[in-house]
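Note that the coordinates shown come from a computational prediction; the quantities given were computed from them, not determined experimentally. Side chains included, hydrogens not; waters and symmetry mates left out as well; all remaining heavy atoms used.
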Amino acid sequence: MAKDMPMNAIARLLGEHDTRLWRILHYYVEQAIEAQDLSHVTKISTDETSSKRGHHYITIFMDADQKVVIYATEGKDAETVRVC
């Protein structure tokens, strides 16, 4: 559901508070990131995009060959790349 719906809509459907659902989602995303095998990655591409109206940007790092997202984070400047 989290892939296709806003978290507050999911919370209403499940009768659960959205902060709890966010904690659960973050836990499993962190587990998936740690389990990634990136040994086959030879080229990385990046894309900066606006996540909301205004100036809320995210940077996405992808495996250029497999076209799979490796990492996404807030920001769009040089510091964003340095942190990753």
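- For the atom pair K76 NZ and I58 CD1, the distance stands at 13.0 Å (nearest 0.5 Å).
- From M62, atom CE reaches atom CD1 of I44 across 11.5 Å, with rounding to the nearest 0.5 Å.
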Would you please test I70 and Q36 for side chain to side chain contact (heavy atoms under 4.5 Å, CB included) and show each step?
-> CA-CA 8 Å; I70 296 171; Q36 278 183 320; 4.1 Å; yes

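- Pairs engaging residues 23-34 under the salt bridge (charged side-chain N to carboxylate O under 4.0 Å, His left out) rule: none recorded [sequence neighbours left out].
- Atoms OG1 and CD, from T73 and E48 in turn, are 11.5 Å apart once rounded to the nearest 0.5 Å.
- T49 and D47 share no donor-acceptor pair across their side chains, judged by distance under 3.5 Å alone.
- Here D4 contributes atom CG and I10 contributes atom CD1; the two are 8.5 Å apart, rounded to the nearest 0.5 Å.
- By the side chain to side chain donor-acceptor pair (under 3.5 Å) test, H40 is found to be paired with D63, residues two or more places apart in sequence or in another chain being considered.
- The hydrophobic cluster containing V68 does not contain V29, counting ILVMFWY residues as joined when their side-chain heavy atoms lie under 4.5 angstrom apart, directly or transitively.
- S45 places no side-chain N or O within donor-acceptor distance of the main-chain N or O of A64, the cut-off being under 3.5 Å.
- Scanning for side chain to side chain donor-acceptor pair (under 3.5 Å) contacts around K67 gives an empty result, with sequence neighbours left out.
- For the atom pair CG (L21) and CG (N8), the distance works out to 10.5 Å, reported to the nearest 0.5 Å.
- Taken to the nearest 0.5 Å, the CE atom of M1 stands 10.0 Å off from the CE atom of M7.
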